[in-house]
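The next block holds one structure in the form of structure tokens; read it before the comments.
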Amino acid sequence: MDNAEITTPTFIHKEVAEDLRSGRFTYVRTRLPPEPNGYLHIGHVKAWLIDYTIARDFGGELYLRFDDTNPAKEETEFVEAIKEDTQWMGIEWTKVTFASDYFDQLYEWALRLVKKGLAYVDDQTPEEMSAGRGTLPRGTKWSETEVAVQPGVESPYRNRPVEENLDLLERMKRGEFPDGSRVLRAKIDMAHPNLVMRDPVMYRIMHAHHHRTGKKWCIYPMYDWSHGQNDSMEGITHSLCSHEYIIHRPLYEWFLEQLDEFRSRQIEFSRLNLTYAMMSKRRLRKLVETGVVRGWDDPRLTTLRGLRRRGVSPQAIRTFIAQVGETRNDTWVEMSVFEASVRDDLNKHSPRRMAVLRPLKLVIDNYPAGQIEEMEAVNNPEDPDAGTRKVPFSKVLYIERDDFRDEPPPKYHRLFPGNEVRLRYAYLVTCTGFAQDPETGEVTEVHCTYDPATRGGNAPDGRKVKSTIHWVSVAGAAQAEVRLYDRLFTVEQPDAAADPDTITNPDSLEVLTGCFVEPLLAQVTAGERVQFERNGYFCADPDSAPGKPVFNLTVTLKDSWAKFEHQK
RNA sequence: UGGGGCGUUGUGUAAUGGCAGCACGACAGACUUUGGAUCUGUUUGUCUUGGUUCGAAUCCAGGCGCCCCAGCCA
């Protein structure tokens, strides 16, 4: 990975540097903490990049640790997908681990707390526990709550003798009790103002098959009783997480203090909110399952797989994340910022090609029939090293329907009767007329004459034209499918919409099958990125076959004419 | 309501006591063999009220606003 995205040191950099200076830590080790229950999306990438860059910038290590503490939700399938997506981002880890690797050691640590009288087995029902916490039923909005949060009520089982707790915990572990019948809780403070500290659950009983430990365990640790302990066991110095965990930090620290183990440090940052992007795993899953999108890699999704299929490069994503910065503010980043990063990257690296998406035949009446010339075209004006290529030119061409008007609106500079334009890298042509379907009035072909003295696009007499249009010669043209994408959602915050079913944009996908592309594009490999001149950046889809390319729109070029025209 | 967190332009982010800068967007212009590349310019901001100070986005005090938490999810 290059360092292009590094800008100002972030507040986390400063904290870490201070920890090193003060001697709190003598090295740096961070971790990526995915739960293997879904695919990575752009929101994860922010966290991934923070962990990655902190480790890298301080010469430290990065572990990839799967947080597989809930066998009811997690699957092996996602483990491989997450590794793959992480690698695609160019993020290198030094070690792969699983929370489940530490189940035995974690259990030993739990016994230690029980023996110290700091944890107990509670036989209350979930409802009793919730009530005892001194809170209102789940679903109650804080704003609707009129009474102050009351101190909790201690469980009747709270002061069980240590021996009894040890016995019950062992039997929970062996599977003697049904799911939900008992839990192990830390004994902290039922009157604590922070609800997280009111005797949090450490283990729950789950007779479930775990993707790595099978049937070995009948109890599984909660996040709070696993994550920090795993951090400690692995010698993670900085456990970087999103802001919502900030209220868990006192508990994170309490456990490590009571255990007298290595004290990792949790630092929180705000998660990425991107307008028009859906990040909720549950909602994404529903889109996939109900067929609103074609899969987790649908190019309209901001999953990593979706972005990859769409044609977005890892570098563009890194640049974007660097631009977004890293603070504790609650923010909404506009999609346009992301698109700008994508354009910037693609502009530098994408070879230019000509493609006609909505073809209209252009006949050059004075061009010799049967003649084919090879015109030289620049591959990338931004990159001289990209060289040139030959594009065949002939009497009959395809141009964009949009590049011809029989009755031009004001300030329209493209082709219309009597107007001269440049065919890119070819000749100046003057429109002489057009043919229409007598029934529909639809323009079926356009006629023009060319000036043989303008080969390459420049007139010896120095005359100028106001417009250059792209074209594809009928001779040699390859037919292509092009999939155009618009935003999937009609609202800026799809995760917050009350009714997710009403916010999808019915026009988010438009499939064009009769497109023509220059001969070079007949053979493409999936993932190949190009710019279709004057149109946008496109990426060859895995659905492509030899001679039958399929392209996905990554992002359009900025189009000031379209903007001008729409304003009227 | 208890606890926690956050307030710099339309959006995001710099500036840690010394000219409020940058990016995206918007607007205007230049240039152009991509009207779409490129370049230039313009516009709009320190939540509020006081205090300390020669000087405050920054320090102090009060107020206001927004976000998060009452899973045996993570």
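First the proteins, then the strands, lettered A, B, ... as listed; each starts at 1.
With both ends at atom C1', the span from B/G7 to B/U58 equals 14 Å, rounded to whole Å. The separation of B/U53 from B/C60, taken at their C1' atoms, amounts to 12 Å, rounded to a whole angstrom. B/A20 sits 29 Å from B/G62 when the P atoms are compared, rounded to a whole Å. Rounded to whole Å, the C1' atom of B/G21 lies 12 Å from the corresponding atom of B/G45. The separation of B/U1 from B/U8, taken at their P atoms, amounts to 23 Å, rounded to a whole angstrom. The P atoms of B/G3 and B/U9 are separated by 29 Å, rounded to the nearest whole Å. Rounded to a whole angstrom, the distance from the P atom of B/C39 to that of B/U46 is 30 Å. B/G51 and B/A14: their P atoms are spaced 31 Å apart (whole Å).
A donor-acceptor pair under 3.5 Å is formed between the side chain of A/His44 and the backbone N or O of A/His41.
For A/His248 and A/Tyr252, the ring centers sit 6.0 Å or farther from each other. Aromatic ring centres of A/Phe11 and A/Phe269 lie farther apart than the 6.0 Å criterion allows. In this structure, A/Trp225 has its ring center under 6.0 Å from that of A/Phe255. Not less than 6.0 angstrom separates the ring centroid of A/Phe538 from the ring centroid of A/Phe551.
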Dump the pairs, protein N or O against N or O of nucleotides 72-74 of chain B, anything under 3.5 Å, distances to one decimal.
unit_1 : atom_1 : unit_2   : atom_2 : d
B/C72  : OP2    : A/Arg133 : NH1    : 3.4
B/C72  : N3     : A/Gly180 : O      : 3.3
B/C72  : N4     : A/Gln124 : O      : 3.2
B/C72  : N4     : A/Gly180 : O      : 2.8
B/C73  : OP2    : A/Arg204 : NE     : 3.1
B/C73  : OP2    : A/Arg204 : NH2    : 3.0
B/C73  : O3'    : A/Arg204 : NH2    : 3.2
B/C73  : O2'    : A/Asn70  : ND2    : 3.3
B/C73  : O2'    : A/Lys73  : NZ     : 2.7
B/A74  : OP1    : A/Thr69  : OG1    : 2.7
B/A74  : OP1    : A/Arg204 : NH1    : 3.2
B/A74  : OP1    : A/Arg204 : NH2    : 2.9
B/A74  : OP2    : A/Tyr223 : N      : 2.9
B/A74  : O3'    : A/Asp67  : OD2    : 2.9
B/A74  : N6     : A/His248 : NE2    : 3.2
B/A74  : N3     : A/Tyr245 : OH     : 2.7

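A/Gln150 contributes no side-chain N or O that forms a donor-acceptor pair with the base of B/G2 under 3.5 Å. Taking 3.5 Å as the limit, the base of B/U34 and the side chain of A/Gln531 contain a donor-acceptor pair of atoms between them. Within 3.5 Å, a donor on the side chain of A/Arg414 pairs with an acceptor on the base of B/G35, or the reverse.
Summary of the strand contacts: A/Val337 and A/Val324 both lie near RNA chain B, and taking for each the nucleotide with the nearest heavy atom, the more 5' one is attributed to A/Val324. Nearer the 5' end of RNA chain B, as judged by each residue's closest nucleotide, is the contact made by A/Phe11, out of A/Phe11 and A/Pro381.
Nucleotide B/U48 has B/G62 as its partner under the Watson-Crick or G-U criteria, with both atom distances under 3.5 Å. Across the strands present, B/G2 finds its partner in B/C69; the criterion is a Watson-Crick or G-U wobble pair with both atom distances under 3.5 angstrom. In this structure, B/A14 makes no Watson-Crick or G-U wobble pair, since no nucleotide meets both defining distances under 3.5 angstrom. Nucleotide B/C31 has no partner under the Watson-Crick or G-U criteria, as no pair reaches both atom distances under 3.5 Å. Pair check for B/U8 finds none; no Watson-Crick or G-U wobble contact set falls under 3.5 Å.
Residue contacts for A/Ser270: at a heavy-atom cut-off of 4.0 Å it reaches no nucleic acid atom on any strand shown. Counting non-hydrogen atoms under 4.0 angstrom, A/Lys466 reaches nothing in the nucleic acid. Contacts of A/Asn535 with the nucleic acid, taken as non-hydrogen atoms under 4.0 Å apart, are absent. Among the atoms of the strands shown, base atoms are found under 4.0 Å from some heavy atom of A/Arg352. Residue A/Tyr412 is in base contact, counting any heavy-atom pair closer than 4.0 Å across all strands shown. Across all strands shown, A/His413 has heavy atoms under 4.0 Å from base atoms, whether or not it also approaches the sugar-phosphate. Among the heavy atoms of the strands lying under 4.0 Å from A/Ile246 are primed sugar atoms or P, OP1, OP2 only; no base atom is included. Heavy atoms of A/Arg422 sit under 4.0 angstrom from at least one base atom.
Taking the centre and axis of the six-membered ring of A/Phe98, the NZ or CZ atom of A/Arg212 falls inside the cone set by 45° and 6.0 Å.
In the set B/C24, B/A15, B/U38, B/U38 carries the atom at the smallest distance from any side-chain atom of A/Asn347. Comparing B/G35, B/C24, B/A23 by their closest approach to the side chain of A/Ala340 singles out B/C24. Residue A/Arg424 has its side chain nearest to B/U34 when only B/G12, B/U34, B/A37 are considered.
Rounded to an integer number of Å, the gap from A/Trp561 CH2 to B/U34 C1' is 16 Å. Regarding A/Glu326, its CD atom lies at a distance of 15 Å from the P atom of B/C6, rounded to whole Å. With rounding to whole Å, A/Arg249 atom CZ is found 12 Å from B/G4 atom P. What separates NZ of A/Lys558 from P of B/A37 is a distance of 5 Å, to the nearest Å. Atom CD in A/Glu18 sits about 14 Å away from atom C1' in B/U16, given to the nearest Å. Going from atom CZ of A/Phe269 over to atom C1' of B/C6 covers 16 Å, rounded to whole Å.
Ring geometry for A/Tyr398 versus A/Phe516: interplanar angle under 30°, hence parallel rather than tilted (30 to 60°).
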A/Leu346 and A/Val312: CA distance, side-chain angles, deciding distance, side chain to side chain contact (heavy atoms under 4.5 Å, CB included) verdict: CA-CA 8 Å; A/Leu346 261 16; A/Val312 174; over 6 Å; no
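In the model, A/Gln323 has no side-chain atom that pairs as donor or acceptor with a side-chain atom of A/Thr319 under 3.5 Å.
The side chain of A/Lys563 contributes an N or O atom lying less than 4.0 Å from OP1 or OP2 of B/A26. In this structure, A/Arg198 does not reach the B/A70 phosphate: none of its side-chain N or O atoms is under 4.0 Å from OP1 or OP2. Within the structure, every side-chain polar atom (N or O) of A/Asn329 is placed at least 4.0 Å from both OP1 and OP2 of B/G5.
Remark: of the listed residues A/Leu184, A/Asn70, A/Asp179, A/Asn70 is the sole one forming a side-chain contact (heavy atoms from CB on, under 4.5 Å) with A/Arg204.
The glycosidic torsion of B/G71 lies within 90° of 0, placing the base in the syn range.
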